[in-house]
S.K.: 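Questions regarding the structure given below will be posed in turn.
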Amino acid sequence: MPELAEVAFYCSQWRPGFNRTIRSVKLNDKVRCFRDVSTRQLSLKLKGNRLTGSRTHGKRMLFQLRNSTWLGVHLGMTGSLAFRKEEGAIETHDHLVLGVENGWLVFNDPRQFGKVELYVSKGLPEFWENLPREMESAPFDFGYFESILHRRGRSPLKSLLLDQSLFPGVGNWMADEVLWRARVRPNRSARSLERSELKALFRSLKFVCRGAMKYIATDFSDPPKSWLFTHRWKPGGRCPKTGVELERTQIGGRTTCWSAEWQK
DNA sequence: ATGCATGTTACATG
DNA sequence: ACATGTAACATGCA
């Protein structure tokens with residue numbers, strides 16, 4: 001489920017536990033989410049420590065703790081973070097549970113495609129400084145966007161938008177939403193775009209990012225009915241612009257939803 | 001039972 | 001070397 005804005009939402013869910021001592025660390029080390037970390041070292045570094053801050057970049061999350069400790073979290077397809085107040089509120093697939101004095105900070109992930117990582121460094125871990133430009137940032141301007149599409153001109157736009165090294169945070173629904181709003185078909189190649197379509201795509205990308213953050217990142221509410229978002233998975237779902245039934249195709253191995261009359 | 005799912009990556013193929 | 005496609009990961013749901 002989690003893309004740019006969902007990740008930002010889940011990241012904020014651990015805030016009630018900030019600046020509280022982590023009294024207990026419970027984790028299920030059988031689970032694939034810990035494939036790139038030593039669970040022993042993870043427990044050692046977290047227990048008695050405190051979360052002091054957090055940030056996101058695309059679909060990545062990074063939590064800062066005292067003593068040069070950083071906790072990386074990726075939610076994969078079905079991961080989520082929650083703060084649980086009630087005692088004994090532990091649920092199935094709660095793979096990491098941090099006990100603080102006012103509740104439990106939980107990482108839950110049924111399909112286990114998500115990942116927990118540990119970094120030890122005085123400042124931000126080095127990899128974090130070298131992440132690609134964020135779509136919401138000023139350096140991600142039209143010139144930069146154009147250069148990406150030029151470099152990967154042969155690739156279908158849908159696949160291109162899903163590339164995390166270029167569009168960090170875009171997932172399946174956001175890619176479809178961006179293309180739909182720009183009125184461009186998802187199977188078009190980057191090099192086939194007219195200049196006006198290129199502009200429309202860029203504007204649409206910025207719009208969808210901003211809107212997603214506004215609606216979803218704050219309280220997980222759905223975007224308005226005027227978006228493709230609420231219609232795309234419904235059987236027989238209709239295009240909010242034309243009222244015509246939406247199309248489904250596989251592109252780059254992912255189910256893609258689009259509107260035939262609307263997107264050229 | 002079958003097929004599919006808002007993600008990533010290793011491997012295969014051209 | 002490069003670009004794109006596919007299978008695999010593990011579980012739940014229709």
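The figures here come from the full heavy-atom set of this structure, side chains too, leaving out hydrogens, waters and symmetry mates. So you know, we letter chains A, B, ... as the sequences are listed, proteins then strands, and number each from 1. All figures in this text were calculated on a predicted structure; none of them were measured in a lab.
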S.K.: May I ask you to verify if any side-chain N or O of A:Arg151 is less than 4.0 angstrom from the OP1 or OP2 atom of C:dC2?
M.R.: no
S.K.: Please determine, for B:dT6, whether a Watson-Crick or G-U wobble partner exists with both distances under 3.5 Å, and give it or none.
M.R.: none
S.K.: OP1 or OP2 of B:dG7 sitting under 4.0 Å from any side-chain N/O of A:Arg254?
M.R.: yes
S.K.: Output the rounded distance in Å from NZ (A:Lys59) to P (B:dT6).
M.R.: 10 Å
S.K.: Hey, what's the ring geometry for A:Phe140 with A:Phe167, parallel, tilted or perpendicular (30° and 60° as the breaks)?
M.R.: tilted
S.K.: NA contact type, A:Gln164, heavy-atom cut-off 4.0 Å: base, sugar-phosphate, or nothing?
M.R.: sugar-phosphate
S.K.: In whole angstrom, what separates A:Lys30's NZ from C:dT11's C1'?
M.R.: 19 Å
S.K.: Ring of A:Phe113 versus six-membered ring of B:dT8: centres under 5.5 Å and planes under 30°?
M.R.: no
S.K.: When rounded to the nearest 0.5 angstrom, what is the spacing between CG in A:Asp109 and NE2 in A:His95?
M.R.: 5.0 Å
S.K.: In whole angstroms, how far is the C1' atom of B:dG3 from the CH2 atom of A:Trp233?
M.R.: 13 Å
S.K.: Between A:Glu197 and A:Lys264, is there a salt bridge with N-O shorter than 4.0 Å?
M.R.: no
S.K.: Choose from C:dC9, B:dG7, B:dA5 the nucleotide whose nearest atom is closest to any side-chain atom of A:Arg32.
M.R.: C:dC9
S.K.: Under 4.0 Å between a side-chain N/O of A:Lys115 and OP1 or OP2 of B:dT8, yes or no?
M.R.: no
S.K.: Can you tell me how the ring of A:Phe18 sits relative to the ring of A:Phe63, calling it parallel under 30°, perpendicular over 60° and tilted otherwise?
M.R.: perpendicular
S.K.: Between P on C:dT4 and CD1 on A:Ile251, what's the gap in Å once rounded to a whole number?
M.R.: 13 Å
S.K.: With a 4.0 Å limit, can you tell me whether A:Gln112 has a side-chain N or O closer than that to the phosphate oxygens OP1/OP2 of C:dT11?
M.R.: yes
S.K.: Could you tell me how far C:dA7 sits from B:dG3 if I compare only their C1' atoms? Round to whole Å.
M.R.: 16 Å
S.K.: Whether A:His93 contacts C:dA10 is assessed here as follows: a side-chain N or O lying under 4.0 Å from the phosphate OP1 or OP2. Is that the case?
M.R.: no
S.K.: CD of A:Glu91 versus C1' of C:dG12: gap in Å, rounded?
M.R.: 15 Å
S.K.: Taking atom types as modelled, is there a side-chain donor on A:Thr255 or A:Gln250 under 3.5 Å from an acceptor on the other?
M.R.: yes
S.K.: Counting heavy atoms from C-beta on, name the nucleotide in B:dG7, B:dT6, B:dA5 closest to the side chain of A:His74.
M.R.: B:dG7
S.K.: Look at the side chain of A:Arg111 against the base of B:dA5 and say whether a donor-acceptor pair falls under 3.5 Å; ignore hydrogens and angles.
M.R.: yes
S.K.: Look through every strand shown and name the nucleotide pairing with C:dA10 as Watson-Crick or G-U wobble, where both distances are under 3.5 Å.
M.R.: none
S.K.: If you compare every side-chain N and O of A:Ser155 against the phosphate oxygens of C:dT4 (OP1, OP2), does one of them come in below 4.0 Å?
M.R.: yes
S.K.: How long is the line joining NZ of A:Lys158 and P of C:dT4, in whole Å?
M.R.: 15 Å
S.K.: Between C:dT11, C:dA3, B:dA5, which nucleotide has the shortest distance from any of its atoms to the side chain of A:Thr255?
M.R.: B:dA5
S.K.: Within this structure, what is the OH-to-C1' distance between A:Tyr10 and B:dG7, rounded to whole angstrom?
M.R.: 14 Å
S.K.: Using whole Å, report how far CE of A:Met61 lies from C1' of B:dG7.
M.R.: 13 Å
S.K.: Using a heavy-atom cut-off of under 4.0 Å over every strand shown, decide if A:Gly253 touches base, sugar-phosphate, or nothing.
M.R.: nothing
S.K.: When the ring centroid of A:Tyr215 is compared with that of A:Phe229, is the distance short of 6.0 Å?
M.R.: no
